[in-house]
Amino acid sequence: MEFTVIRGDIAEQQADVLVNAAGTSLRMGSGVAGALRRRAGDELDEAARANGPIDLGEVAVTDAYGLDADYVVHAAAMPHYGDGLATAESIRDATRNSLEAADERGARSLVIPALGCGVAGFELREGARIICEELAAFDPESLTDVRFVAYSDEEFETVRAVADDVTAGS
């Protein structure tokens, strides 16, 4: 599947689905989750928590409330137990499950962040490679506009370079 890399704040994106970099408890704390919660309001956090906890790599879907989207897919790339660190497997599973959840709902557009690469401690270049591989390999029924969002200029440059490498090799 084709996708683009963009720079921006995920909470300001317009799409059918926004993907939240969640922990297994689905408590919306800092990072991507905090940005989405601040923009959407406390209802988003309450709805997410009502669906938790979930297993590592799994997703839960809620309304998007005050965000410019129909749904938020809460992708548990990091555990809210043990060391709290994401793994290659949790990032891969969370990415794939996010895409499937959006596609099952007939979504045409989706914005996904660097799952597991913030407070969950996974190295950005390797995490971006895993996400890009999953995006490139996915065969959607409805998704046509998939954007991998990077918050900072440095993150954008890293993700864009990785995406170029992955798509050149496919």
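Just so it is clear, the model here is predicted, and its values are computed rather than measured. Numbering of residues begins at 1 and proceeds along the displayed sequence.
Of all heavy-atom pairs between A161 and R125, the closest is CB-NH1, 4.5 Å. Among all heavy-atom pairs drawn from D45 and R37, the shortest one is CB-CD, 3.8 Å. Contact between I112 and L110 at its shortest, heavy atoms only, is CB-CD2, 3.9 Å. Smallest separation of non-hydrogen atoms from I54 and A76: CD1-CB, 3.8 Å. The shortest non-hydrogen separation linking A128 to C117 is N-SG, 4.4 Å. Nearest heavy-atom pair, C132 versus V162, reported as atom, atom and distance to 0.1 Å: SG-CG1, 4.3 Å.
Between the side chain of R38 and the backbone N or O of G34 there is at least one donor-acceptor pair closer than 3.5 Å. Without hydrogens or angle criteria, S25 side chain to P53 main chain gives no donor-acceptor distance under 3.5 Å. Within the 3.5 Å criterion, the main-chain N or O of A163 finds a donor-acceptor partner in the side chain of T167. A donor-acceptor contact shorter than 3.5 Å links the side chain of D103 to the backbone of L143. Proximity of a side-chain donor or acceptor of N20 to a complementary backbone N or O of V72 within less than 3.5 Å is not detected.
Criterion: ILVMFWY side-chain heavy atoms under 4.5 Å apart, direct or through other members. Under it, V32 and V59 are not part of a common hydrophobic cluster. Each of V146 and V166 belongs to its own hydrophobic cluster when Ile, Leu, Val, Met, Phe, Trp and Tyr are linked at side-chain heavy-atom distances under 4.5 angstrom. Cluster annotation: F148 is connected to L99 through the hydrophobic network of ILVMFWY side chains, with a link wherever side-chain heavy atoms come within less than 4.5 Å. Cluster annotation: V111 and V73 are assigned to distinct hydrophobic clusters (Ile/Leu/Val/Met/Phe/Trp/Tyr, side-chain heavy-atom contacts under 4.5 Å, transitive). L115 and Y71 fall within a single hydrophobic cluster, where Ile, Leu, Val, Met, Phe, Trp and Tyr side chains are chained together by heavy-atom contacts under 4.5 Å.
Side-chain atoms of D9 and Y151, non-hydrogen and from C-beta on, do get closer than 4.5 Å to each other. Inter-residue side-chain proximity for E126 and R129 is flagged as met; some heavy-atom pair is nearer than 4.5 Å. Counting only heavy atoms from C-beta outward, the side chains of V61 and R105 approach each other to under 4.5 Å. At a threshold of 4.5 Å between non-hydrogen side-chain atoms, the residues L124 and V159 count as touching. Inter-residue side-chain proximity for N51 and H74 is flagged as unmet; no heavy-atom pair is nearer than 4.5 Å.
Put simply, CD on Q13 and CG on L36 are 10.5 Å apart, with the number rounded to the nearest 0.5 Å. Distance CG/D93 to CD1/I91: 10.5 Å, rounded to 0.5 Å. A distance of 12.0 Å separates CG in L135 from CD1 in I130, rounded to the nearest 0.5 Å. The CG atom of D42 sits 10.0 Å away from atom CE of M28, with the distance rounded to the nearest 0.5 Å. Separation of atoms CG (D68) and CG (L18) is listed at 8.0 Å; rounding is to 0.5 Å. In this structure, T4 OG1 and R147 CZ are separated by 6.5 Å, a value rounded to the nearest 0.5 Å.
Residue-environment remark: CD (E123) exceeds the threshold of 12 foreign heavy atoms within 6.0 Å. Other residues, nucleotides and ligands contribute at most 12 non-hydrogen atoms within 6.0 Å of the CZ atom of R108. Within 6.0 Å of the CZ atom in F138, the count of heavy atoms belonging to other residues, nucleotides or ligands exceeds 12.
Between R7 and D153 there is a salt bridge, since a side-chain N of the basic residue sits under 4.0 Å from a carboxylate O of the acidic one. The residues R160 and E157 are annotated as salt-bridged, a charged nitrogen and a carboxylate oxygen being separated by less than 4.0 angstrom.
Qualifying side chain to side chain contact (heavy atoms under 4.5 Å, CB included) partners for A40, counting only residues two or more places apart in sequence or in other chains: L44, Y65, L67.
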